[in-house]
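This one's a predicted model, so the numbers in the text were calculated from it and none came from an experiment. Naming convention: chains lettered A, B, ... in sequence-line order (proteins, then strands); numbering from 1 in each chain.
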Amino acid sequence: MDMDKLVSLCKRRGFIFPSSEIYGGINGFWDYGPLGVELKRNIKDAWWHDNVHMRDDMVGLDCSIIMHPRVWEASGHVGGFSDPMVDCKDCKGRFRADQVAVVCLHAGQDFADSKREQRFWFSALGDSQQAVAEANGKDYKKAEAKLATHPNGSAARTFYPISASLGQPEYADFPCPTCKKQGTLTEPRAFNLMFESHAGAIADEANKVYLRPETAQGIFANYKNVVDTGRVKTPFGIAQVGKSFRNEINPRNFTFRSREFEQMEIEFFCHPSEAAQWYKYWRDTRFQWYVDHGLRSDKLRLRDHDPDELAFYSKATADIEYSFPFGISELEGIAHRGDYDLSQHQKFSGKDLSYFDEERKERYVPHVIEPSAGADRATLAFLCEAYVEDEVGGEARTVLKFHPRFAPIKAAVFPLVKKDGMPELAEKIYRDLKRQFNVFYDEKGAIGRRYRRQDEAGTPFCLTVDGQSLTDGTITIRDRDTCRQWRIASSGAVQALRDLLEGQPIPSGE
RNA sequence: GCGGGUGUAACUCAAUGGUAGAGUACCUGCCUUCCAAGCAGGCUACGUGGGUUCGAUUCCCAUCACCCGCUCCA
């Protein structure tokens, strides 16, 4: 399967369009068309049903996209992302570029000839040569002493404020101020990942607000409200589905990395002693959810992060990854976040967010397990997985083999031909089904063409009224994946379709 | 962010310094009793903005979007 084919099918059949296409499109934004909106909504509804309605330990929440700016200070999104930052690729340290200073001690005539020239690199968090010298103490002095006796010439110092050193060839030699490894620093990036706006008519610093870069903080900010009013007790979770926004530097790969996207997140609160066990539970449960809904196991995998890959606040993290045509990428992350988030909000808000556990007679700040899924990424993965080109009677066919739960259209109803009262009966069946399911009626053109059209939309079943229907009241029902047909009573169509959608196997043989 | 490529109809593609053609799809009608049938008719396009030129879809520049590779990825 290649991505181009999927993109063109998505366009042709109305799953996904480029946003603002008549104006040339806008990078990082996509629209869901008539079939796409059904597919994505079905995925979100299934997630909500399985994680909220079917559980006794979960409640839902829907909070505002724009929140108090202090929320993003507590979460680390402001500050951490608003100044140009450099990252160390090795130790994963992240530093404000204007707070890293680099000094090179060197001796020798020919600076360009490294064989005849000796260099020692030092760096530190600070803005002066002085700071670098102090931070590196003994090593720095040793280097100075060594260079003083260099045979080829006198020693010199060069000071590099990092923000002014961009594009210098020496940049690649700069050592990390923490781990001291050379050449591990990324270019400074001045990007703030958050979209900014202003609450109120006048745009100034005082009323600057942000579009949320994740739904999680809304849950943490409401945690106390839910505990006080929701009659919940640990262990319990709060779930939310909603839009988030990130000003990605380079959106890529169709809808996979978009600047506006939808998340399906759970924050699960529990006693610190049980957190490890709940982490495992959610990691496995969430993985199984994708498998159960049709992602073949060999394209789906669960990957535990290496300890050095973890964010500093996380005790463990696992990614659920899918092998897309453009590479293996993350669908969902399950993170054991400890009490980091609630503690941060306690600190920044000054409110007590601890919890009194009646059963344990103990007060504590709960630990949090966060399964965080991307709705658009899941939609894309299910589309990729469903896309199949096969052959029916020697003719090539494109079919989307969606799980029935996700299929945008559950069934199509056709009269075999447009005469003899077949359309009337078919339309009556269609009306009955429509009260319960999203179904589609079509009477135009050859029957084979109508079947194929539904195959491309991923419709699992087609019901056809034929000549026999008019005399004995039975109709045929056709299975999308096998093209097999059998007869059912037209009066029992609603029940028959419900059974099939809920997983009843199709009859074998003819 | 860097490098390369692409941009013509809803989709896949042609041709062309003198304003474009096909297949598929779609619509209408006829026909049609089960897997993209046939016949007749019909709708729809040169991403955007500049420049060169008598004239630009074609050449040049810019821009936007998409794809590939690298980079990055809460």
Side-chain angles (χ1 to χ4, degrees), chain A residues 2-5 7-14 17-30 33 72 75-77 80-81 85-87 89 92 94 166-167 186-194 212-217 244-254 256-258 261 263 309 311 313-314 317 319 325-327 329-330 333 335 370 372 374 390-399 414-420 422 443-456 462-470 475-480 482-485 487:
Chain A
D2 70 67
M3 215 50 203
D4 288 348
K5 282 187 177 173
V7 172
S8 104
L9 176 73
C10 282
K11 177 75 193 299
R12 182 156 37 90
R13 286 300 181 199
F17 306 125
S19 170
S20 323
E21 197 182 9
I22 59 170
Y23 290 99
I26 175 166
N27 192 344
F29 300 91
W30 300 88
W72 308 112
S75 70
H77 287 85
F81 292 110
M85 305 292 285
V86 295
D87 291 318
K89 292 178 207 166
K92 305 290 174 193
R94 172 169 281 180
L166 256 187
T186 62
E187 306 255 309
R189 283 160 304 172
F191 250 85
N192 184 345
L193 241 43
M194 288 195 290
R212 66 181 177 199
E214 59 178 31
T215 54
Q217 299 305 324
S244 291
F245 303 82
R246 283 182 203 170
N247 215 340
E248 294 288 352
I249 295 166
N250 65 343
R252 269 288 172 93
N253 297 329
F254 201 28
F256 185 83
R257 180 170 298 141
S258 301
F261 56 100
Q263 291 183 297
E309 196 183 351
Y313 49 75
S314 178
T317 299
D319 284 347
F326 49 77
S329 301
E330 178 191 345
E370 176 190 85
S372 170
D390 63 7
E391 240 181 47
V392 173
E395 298 273 352
R397 166 178 90 140
T398 300
V399 52
F414 308 138
L416 184 58
V417 289
K418 202 166 60 175
K419 62 180 189 187
D420 298 341
M422 291 182 209
E443 58 178 25
K444 300 205 178 75
I447 189 74
R449 181 190 302 271
R450 283 178 271 161
Y451 286 144
R452 297 301 173 82
R453 243 194 302 246
Q454 294 306 315
D455 290 341
E456 270 199 349
C462 293
L463 280 55
T464 303
V465 170
D466 59 12
Q468 190 180 331
S469 309
L470 303 171
I475 57 175
T476 67
I477 183 162
R478 167 195 184 264
D479 172 59
R480 173 194 66 202
T482 59
C483 296
R484 187 175 292 157
Q485 283 182 293
R487 300 195 78 87

Partner residues of [X] under the salt bridge (charged side-chain N to carboxylate O under 4.0 Å, His left out) criterion, sequence neighbours left out:
| X | answer |
| --- | --- |
| A/R478 | A/D455 |
| A/R252 | none |
| A/R12 | A/E456 |

Set of residues satisfying side-chain hydrogen bond (donor to acceptor under 3.5 Å, both in side chains) with respect to [X], sequence neighbours excluded:
| X | result |
| --- | --- |
| A/N253 | none |
| A/E370 | none |
| A/S329 | none |
| A/D390 | A/R397 |

- Any A/K11 side-chain nitrogen or oxygen under 4.0 Å from OP1 or OP2 of B/C11: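 For A/K11, the contact criterion (side-chain N or O under 4.0 Å from OP1 or OP2 of B/C11) is met.
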Separation of atom [atom1] in [X] from atom [atom2] in [N], rounded to whole Å:
| X | N | atom1 | atom2 | answer |
| --- | --- | --- | --- | --- |
| A/E21 | B/A45 | CD | P | 15 Å |
| A/N250 | B/U71 | CG | P | 12 Å |
| A/L9 | B/A10 | CG | P | 17 Å |
| A/F256 | B/C72 | CZ | P | 16 Å |

- Message: Under the rule for side-chain contact (heavy atoms from CB on, under 4.5 Å), what residues qualify as partners of A/S75, not counting sequence neighbours?
- Response: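 So A/S75 forms a side-chain contact (heavy atoms from CB on, under 4.5 Å) with A/W72, A/H77, A/Q217.
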- Note on the structure: Hits for side-chain contact (heavy atoms from CB on, under 4.5 Å) against A/N27, two or more places apart or cross-chain, chain-then-number order -> A/P251, A/R259
- Message: Return a single string for nucleotides 23-35 of chain B, one symbol per nucleotide in 5' to 3' order, where B is base contact, S is sugar-phosphate-only contact and - is none, cutoff 4.0 angstrom on heavy atoms.
- Response: --SS-S---BBBB
Can you name the atoms? Protein N/O to nucleotides 64-67 of chain B N/O, anything below 3.5 Å, with the distance.
{"from": "B/A65", "atom 1": "OP1", "to": "A/N27", "atom 2": "N", "distance (Å)": "3.1"}
{"from": "B/A65", "atom 1": "O4'", "to": "A/G24", "atom 2": "O", "distance (Å)": "3.2"}
{"from": "B/C66", "atom 1": "OP2", "to": "A/N27", "atom 2": "OD1", "distance (Å)": "3.4"}
{"from": "B/C67", "atom 1": "OP1", "to": "A/F254", "atom 2": "N", "distance (Å)": "3.2"}

- Dot-bracket encoding per residue of RNA chain B, Watson-Crick/G-U cut-off under 3.5 Å, | denoting interstrand: (((((((..((((....[..)))).(((((.......)))))....(((((..]....))))))))))))....
- Query: When we call it a touch if two heavy atoms are under 4.0 Å apart, what does A/E456 touch: a base, just sugar-phosphate, or nothing?
  - Reply: base
- Task: Flag the pair A/F326 / A/F254 as yes when their ring centroid distance falls below 6.0 Å, and as no otherwise.
- Result: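 Here the rings of A/F254 and A/F326 have centres that are no less than 6.0 Å from each other.
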